[in-house]
Each structure stands twice: as C-alpha cells, then as structure tokens.
Amino acid sequence: MNLRILIADDEPIIRMGLKSMLQEMGHSVTAASNGREALRMARNRLFDLAILDVKMPFTDGLQAAKVLSGEHGLPIILLTAYSEQDLIERASELPIQGYLVKPVQTGQLAAAIAVALKRSADVQHMAAQTAALGQALEERKVIERAKGKLMAGGMSEAQAHRAIQRRARERRESMVQVARRLLNEG
C-alpha cells in the first residue's frame, strides 16, 4: 500500500534515514524539520499518516500530534530518542497510535505503521458506530414523545405506535419524520 506519510524530525540524518526507509517500503514521504513546518504542510496536503519526533524546536511532536490528530484525523506515530517515563505518560494522553524509540529499524517501522493504521481504522469505526447509535437514540426519543402526545389524546401505547407506523407507511416516510410532524402540530 502506497501511503502519503508526513515525517517531522529536527535531526537531518534521522529525517533522511526515515524518508529513505519509507520510500523503500513504497510510500510517498514529505519531510519537515519541526512541528510548526509539519502543521503548515498538513494544511496544504493530504496525508495518511504522520511520524513525529517528540522533541523538536518551535512546536514539539506532542503538540503537533494533538493538532494533526484532532484537526486532520491523522494516525500518529511518535518517535523519540528518549524513553523517559514522563514523555511516555504525556504521549499516552494523546490520540496517538504508536511510539517508537530511536534508532528505528525498517521492520519495527513497518510493524508500527501497520498497527497505527489498524488502530486508527478501529477508532474511526467505533466513532461512526457511536454516532449512529446516538442518532438512533435521538430518533427513538422523538418517536416516544410523539406516542406520548397521542396517548394524552386517549390512545394506548400500542395504538399510538401503530398509528405512527400506519402514517409512515401511508406517507412513505420514516416513523421519526411522522413523529416530528406530530410533535410540531398544535
């Protein structure tokens, strides 16, 4: 799979090495020398993944990861020469999909990318499911309120439900559309 990958590292040798490894894997790579430059690049181009060094001048990798994940929905892998516990804890608070300690080998990088993409896809799938469930719940509430209005007029709950179903069938609308109309009527 040919991915468009954004990398940011303030060390030119690391940046060139990463770029070379990723290109050998068949990916298109855009390189930035710091977090601020990476953010600017992300505003102008679409990327599938970002690999960010944690400690960079101007905007560090943790700040850039927060923005790139939140605003652009990018899967993020953090890269660092430091395995300090406080950095790991700060990174774990972010919506990142991987954390690599330098020096990185090609096999480690390939595995981290595969895991990051899978985790990102899982998160997106769960977010879509959550949104769909939220929508279904809201629609159910509207239907229940409409049934309540009909029940206040003397119908039983079953009769109110069937009345909404019947109107939906007759008008070729969803039950929630009928329910909203009922609630908006005087």
Side-chain angles (χ1 to χ4, degrees), residues 1-139 141:
M1 164 186 337
N2 180 10
L3 300 173
R4 296 164 300 195
I5 299 177
L6 172 63
I7 61 173
D9 197 305
D10 60 326
E11 297 177 44
I13 292 173
I14 300 291
R15 200 169 51 243
M16 289 183 342
L18 272 174
K19 186 172 184 176
S20 176
M21 276 191 270
L22 291 165
Q23 287 174 330
E24 285 176 18
M25 289 181 212
H27 304 302
S28 301
V29 181
T30 301
S33 60
N34 60 61
R36 184 185 305 161
E37 188 179 346
L39 293 174
R40 188 173 58 248
M41 290 174 169
R43 281 191 292 270
N44 298 321
R45 292 186 56 195
L46 292 175
F47 294 100
D48 301 309
L49 175 78
I51 301 173
L52 309 171
D53 184 27
V54 172
K55 291 189 177 182
M56 293 184 287
F58 306 114
T59 303
D60 70 22
L62 298 173
Q63 294 167 319
K66 192 173 190 177
V67 173
L68 290 172
S69 177
E71 291 181 10
H72 302 279
L74 277 180
I76 307 289
I77 296 173
L78 290 179
L79 180 65
T80 185
Y82 308 95
S83 57
E84 299 166 9
Q85 190 60 36
D86 70 313
L87 278 179
I88 294 169
E89 287 176 21
R90 288 176 51 209
S92 70
E93 299 292 321
L94 296 172
I96 63 167
Q97 286 72 35
Y99 190 92
L100 291 170
V101 178
K102 298 175 191 175
V104 177
Q105 303 299 317
T106 303
Q108 293 171 318
L109 187 57
I113 290 170
V115 169
L117 294 174
K118 175 68 172 125
R119 284 187 180 159
S120 179
D122 290 347
V123 166
Q124 289 175 358
H125 179 71
M126 285 190 296
Q129 280 185 317
T130 300
L133 288 171
Q135 177 69 29
L137 179 60
E138 288 305 311
E139 289 177 0
K141 287 178 183 179

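For the single chain, residues carry numbers from 1 onward in sequence order. What you see is a predicted model; the values in this text were computed from it and never measured.
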Got [X] and [Y] here, is their nearest side-chain heavy-atom distance under 4.5 Å?
| X | Y | value |
| --- | --- | --- |
| Ile113 | Leu117 | yes |
| Leu79 | Val54 | no |
| Met16 | Asp9 | no |
| Met25 | Thr106 | yes |
| Ile77 | Leu100 | yes |
| Leu52 | Ile7 | no |
| Ile51 | Leu6 | no |

Would a distance-only check, ignoring hydrogens and angles, find a side-chain to backbone donor-acceptor pair under 3.5 Å from [X] to [Y]?
| X | Y | result |
| --- | --- | --- |
| Glu138 | Gln135 | no |
| Asn2 | Ser28 | yes |
| His27 | Ile5 | no |
| Thr130 | Met126 | yes |

Separation of [Y] [atom2] from [X] [atom1] (nearest 0.5 Å):
| X | Y | atom1 | atom2 | value |
| --- | --- | --- | --- | --- |
| Leu39 | His72 | CG | NE2 | 7.0 Å |
| Gln108 | Met21 | CD | CE | 9.0 Å |
| Glu11 | Met56 | CD | CE | 11.0 Å |
| Tyr99 | Thr80 | OH | OG1 | 4.5 Å |
| Asp10 | Phe58 | CG | CZ | 10.0 Å |
| Arg4 | Leu22 | CZ | CG | 14.5 Å |

query = Between Leu18 and Leu109, is a side-chain contact (heavy atoms from CB on, under 4.5 Å) present by the stated rule, with each step listed?
reply = CA-CA 9 Å; Leu18 272 174; Leu109 187 57; 3.9 Å; yes
Test side chain to side chain donor-acceptor pair (under 3.5 Å), reference Asp122, set His125, Gln124, Lys118, output is Lys118
Any idea which heavy atoms bring [X] and [Y] closest together, and the distance?
| X | Y | value |
| --- | --- | --- |
| Ala64 | Thr59 | N-CG2, 3.9 Å |
| Ala65 | Leu78 | CB-CD2, 4.1 Å |
| Ala38 | Ala32 | N-CB, 3.6 Å |

Quick note, side chain to side chain donor-acceptor pair (under 3.5 Å) partners involving residues 60-69, not counting sequence neighbours, are none
**Report entry** Greater than 12 external heavy atoms within 6.0 Å of Ile13's CD1
**Finding:** no
Worksheet entry | Polar side chain donor-acceptor pair, Thr30 to Arg45, under 3.5 angstrom | yes
**OP:** For salt bridge (Lys or Arg N to Asp or Glu O under 4.0 Å), just list the numbers for Asp53 and Arg15, CA-CA rounded to whole Å, side-chain angles, deciding distance to a tenth of an Å, and then say yes or no.
**Re:** CA-CA 9 Å; Asp53 184 27; Arg15 200 169 51 243; over 6 Å; no
